[in-house]
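Scroll down for the structure; my scribbles are underneath it.
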There are 2 protein chains.
Amino acid sequence: MFSNATKYAIRTVLLLASKSKIKNKNYIASDIASELDIPQPFLSKILQKLVRAKIVSSSKGRGGGFYLTKANLNKSLLDIIICIEGVNVLNECLLGQPTCSDEHPCPLHHYYKDVKKDLQKVISDFSVENLADEMFGVIG
Amino acid sequence: MFSNATKYAIRTVLLLASKSKIKNKNYIASDIASELDIPQPFLSKILQKLVRAKIVSSSKGRGGGFYLTKANLNKSLLDIIICIEGVNVLNECLLGQPTCSDEHPCPLHHYYKDVKKDLQKVISDFSVENLADEMFGVIG
DNA sequence: TTTAAAGAGGATATATTTATCCCTTTTGCA
DNA sequence: TGCAAAAGGGATAAATATATCCTCTTTAAA
């Protein structure tokens, strides 16, 4: 479904979000990597992309690390997906046909249509903060 | 979602299925490739896998090609997916966490759960023949 | 003001996926 | 019986994704 990079990115942002709920703590890349079991140098590349896209914030130098601002917490999963994948992979045709629509459907279009709508809703309606809250039982 | 190989495989099998509804015609690899716009040598490799898995039938030599028997028509999309991907990618955790269940859910588990069930239903309940029929308006 | 911790980022290595090439085997047909 | 059409399959190439390495810059603290 997603590339490893995107999975790592989502898990990383949600980790930072949940931690920011506890206390204002910077997380250094190596700690995130070991906590989420992600190769550290690869994670660093992903974090660089997330920082450039203003999905994650960072501070350099001793005592630095990664954290989320209020603005960062309002980002959606869709923002993360597009940042890493370049496109919204969840919006593509299941069979990879360039033109797949109600008018020119692929064989699975009819079945996948509603499923896709549900997925779209989750990844674009919920903010990183919503999801982090939920992980801590604030909502659900 | 799926690899190119799997997308190609599904489209190929459904093409063969729909053609087998018209007349008993062998399709040669190069014709399938140009009709579906798939690199021919790559498609040949995929067809080899499908033949070995008894999802597609073939006859060698002049006048040969690929076709579906009655038994082939009863295969499901799940059979094709597992043949090419090795596993059912639609059954995996969205975030790639090895243990993702109702007891130990990933942050998206709750939302993805029902979606996954719908997808599972489509790919395992419907046979290649069902889908081909539908493409030709026999059912829907 | 020196030092060590931390991110930034370019260059490189490895693995996997995708795609191609070439030769062999099979088989219908002239 | 020989030729050409077709799949089978091993070896290789190219592209992409994944992962690592090394150096630079920034910055807090000793």
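All chains are named by letter (A, B, ...) in the order of the sequence lines, taking the proteins before the strands, and each is independently numbered beginning at 1.
Although no hydrogens or angles enter the test, the distance criterion places no donor-acceptor pair under 3.5 Å between the side chain of A:D125 and the main chain of A:V122. Formation of a donor-acceptor pair under 3.5 Å by the B:N72 side chain with backbone atoms of B:T69 is found in this model. Using a distance-only test at 3.5 Å, with no hydrogens or angles considered, no donor-acceptor pair links the side chain of A:E85 to the main chain of A:F2.
Distances shorter than 4.0 Å separate some side-chain N or O of B:S58 from OP1 or OP2 on D:dG8.
Protein atom CG of B:L43 is 15 Å distant from nucleotide atom P of D:dG9, rounded to whole Å. For the pair B:F66 CZ and D:dA6 C1', the interatomic distance rounds to 9 Å; values are reported in whole Å. Between A:I46 atom CD1 and C:dA8 atom P there is a gap of 14 Å when expressed in whole angstrom units. Between A:K60 atom NZ and C:dA4 atom C1' the separation is 15 Å, expressed in whole Å. As rounded to whole Å, 14 Å separates atom C1' of D:dG8 from atom CG of B:L50. Separating the OH atom of A:Y8 from the C1' atom of D:dT20 is a distance of 14 Å, rounded to the nearest angstrom. Taking atom CG on B:N26 and atom C1' on C:dT26, their separation rounds to 14 Å, with Å as the unit. The distance between atom CD of A:Q48 and atom P of C:dA8, rounded to the nearest whole Å, is 6 Å.
Scored by the salt bridge (Lys or Arg N to Asp or Glu O under 4.0 Å) test, B:K54 finds no partners at all (sequence neighbours excluded).
Checking C:dA19, C:dG7, D:dT18 against every side-chain atom of B:F42, the shortest atom distance belongs to C:dA19. Nearest nucleotide to the A:P41 side chain, out of D:dT18, C:dG9, D:dT20: D:dT20.
Ranked by how close their nearest DNA chain D nucleotide is to the 5' end, A:G63 and A:N4 are led by A:N4. Two residues, A:G61 and A:K45, neighbour DNA chain D, and the one matched to the more 5' nucleotide by heavy-atom proximity is A:K45. Between B:R62 and A:I28, the residue anchored closer to the 5' end of DNA chain C is A:I28, taking for each the nucleotide with the nearest heavy atom.
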Could you go through the side chain to side chain contact (heavy atoms under 4.5 Å, CB included) check for B:Q97 and B:E92 one step at a time? CA-CA 8 Å; B:Q97 298 192 169; B:E92 293 176 337; over 6 Å; no

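At the heavy-atom level, B:P39 lies under 4.0 Å from the strands shown only through sugar-phosphate atoms. Backbone-only engagement by B:S59 is indicated by non-hydrogen atom pairs under 4.0 Å involving sugar-phosphate atoms exclusively.
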